[in-house]
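Everything on this sheet refers to the single structure shown next.
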Protein chains: 2
Amino acid sequence: MSISINNILKNNHTVKVNGSLWLEAAEGHFFGPGPVELLERIAETGSIRMAAKEMNMSYKKAWALVNALNAQTASPVVIPQTGGKKGGGSTLTAEALEMIAYHRILRQRFADFLDQETQRLKK
Amino acid sequence: MSISINNILKNNHTVKVNGSLWLEAAEGHFFGPGPVELLERIAETGSIRMAAKEMNMSYKKAWALVNALNAQTASPVVIPQTGGKKGGGSTLTAEALEMIAYHRILRQRFADFLDQETQRLKK
DNA sequence: TATCGTTATATCTTCAAGGATATAACGATA
DNA sequence: TATCGTTATATCCTTGAAGATATAACGATA
């Protein structure tokens, strides 16, 4: 038996199970959806500033995220270069790419879980 | 093969997969961990005010939550009574109790999912 | 009818997060 | 050496969320 939550809600409002996932270390949160997307875009654009701009995030916040991330990893996962050919830029280490790939898979499994629970709601 | 995220992190910081779940209707969020706990405590204490106090939540916020919840359900799930024997109080409808029970189960399945993913991280 | 503690509501204040802005430092290349 | 756009950093401002506070409305019971 399952509860018909949908019947409890107002007319034609269907309910969905949704959520958020992140990795957590001793100091708390450290790798949620925001940082992941940022890393992905840094990989694409080669620049923290452009990555931030693309996702409508302030450079300040982006820089803080990158900094926090680098502070919690054994070695920095984002390698910044100030000055140089195009003024500078940032590249990702292999570890960062690994983390991105892992997170992609994790997200998929989570999405499946959410779908499953949402389906269950309708019975 | 699985990625050893733990190796990427600083010494002896073990990583955990954590997250948050909620029900979502057309208007967005509407039933997350906070409201659930509040409802549970209202059921126990028979009072919004006491429930809020117990979980260190301001009455203002608690009342807003209850209000939002009642606004989104076909019929109110929290029945308030002003005045009366002990000055008033609030009781839950059967629907509210159903929602609580459902959420308990949902939380358990989610906890299992998180555990599973955390275990997977260590391989 | 007087009392009581709760619901209901408004107002003011605080506080922190984030946005906006400005600027220094940097170094490969032309 | 001059240029360029990025990283790095500080300062100010805005805004929204939440706390604090006060008070009216309420109605069963004594």
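Chain naming here is simple, since letters A, B, ... match the order of the sequence lines and numbering starts at 1 in each. This is a predicted model, so every value here is computed, not measured.
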Looking at C:dA28, C:dT7, D:dT7, which one has an atom nearest to any side-chain atom of B:Pro80?
-> C:dT7

Can you check whether A:Ala71's main-chain N or O pairs, donor with acceptor, with B:Lys10's side chain at less than 3.5 Å?
-> yes

Using only heavy-atom distances, decide whether a donor-acceptor pair under 3.5 angstrom links the side-chain of B:Lys60 to the base of D:dG19.
-> yes

Are the side chain of B:Asn6 and the backbone of B:Lys122 linked by a donor-acceptor contact shorter than 3.5 Å?
-> no

For the pair made of CD in B:Gln81 and P in C:dA8, what is the distance, rounded to whole Å?
-> 11 Å

Report yes or no: does B:Asn70 contribute a side-chain atom to a donor-acceptor pair with the main-chain N or O of B:Val78 at less than 3.5 Å?
-> yes

When the nearest nucleotide of DNA chain D is assigned to A:Gly84 and to B:Gly83 on a heavy-atom basis, which residue is associated with the more 5' position?
-> A:Gly84

Using both distances under 3.5 Å as the test, list the Watson-Crick or G-U wobble partner of C:dG27, or none.
-> D:dC4

Pair partner, C:dA16 [Watson-Crick or wobble, under 3.5 Å] = D:dT15

Where each residue is assigned the nucleotide of DNA chain C containing its nearest heavy atom, which of A:Gly88 and B:Lys85 is assigned the position nearer the 5′ end?
-> B:Lys85

Can you tell me if the side-chain N/O atoms of A:Lys86 get under 4.0 Å from OP1 or OP2 in D:dC4?
-> no

B:Arg41/B:Glu44 salt bridge by N-O under 4.0 Å criterion = no

Treating Ile, Leu, Val, Met, Phe, Trp and Tyr as nodes and any side-chain heavy-atom pair under 4.5 angstrom as an edge, say whether B:Trp22 and B:Ile100 lie in one connected cluster.
-> no

Flag, side chain of B:Ser47 to backbone of B:Gly89, donor-acceptor distance under 3.5 Å | no

Check whether any side-chain nitrogen or oxygen of A:Ser90 sits under 4.0 Å from OP1 or OP2 of D:dT7, and answer yes or no.
-> yes

Please determine if a side-chain N or O atom of B:Ser58 lies less than 4.0 Å away from the OP1 or OP2 oxygen of D:dG19.
-> yes

Taking D:dT7, D:dA8, C:dT7 as options, the one with an atom nearest any side-chain atom of B:Ile48 is C:dT7

What is the pairing partner of C:dA22, taking Watson-Crick or G-U wobble pairs with both distances under 3.5 Å in any strand?
-> D:dT9

Rounded to the nearest angstrom, tell me the gap between atom CG in B:Asn67 and atom P in C:dT9.
-> 7 Å

Measure from CG on B:Leu65 to C1' on D:dA18 and round the result to the nearest Å.
-> 12 Å

Among C:dA28, C:dA8, D:dT9, which is the nearest nucleotide to the side chain of A:Tyr59?
-> D:dT9

Please give, in whole Å, the distance from D:dT21 P to B:Arg49 CZ?
-> 13 Å

To the nearest Å, give me how far apart CE (B:Met57) and C1' (D:dA20) are.
-> 17 Å

Nearest nucleotide by nearest heavy atom, which residue falls closer to the 5' end of DNA chain C, A:Lys61 or A:Gly87?
-> A:Lys61

Taking CH2 from B:Trp63 and P from D:dA22, how many angstroms apart are they, rounded to a whole number?
-> 21 Å

Taking atom P of D:dG27 as reference, at what distance in whole Å does atom CD1 of B:Ile79 sit?
-> 15 Å

To the nearest angstrom, how far is A:Asn70 atom CG from D:dT7 atom P?
-> 13 Å

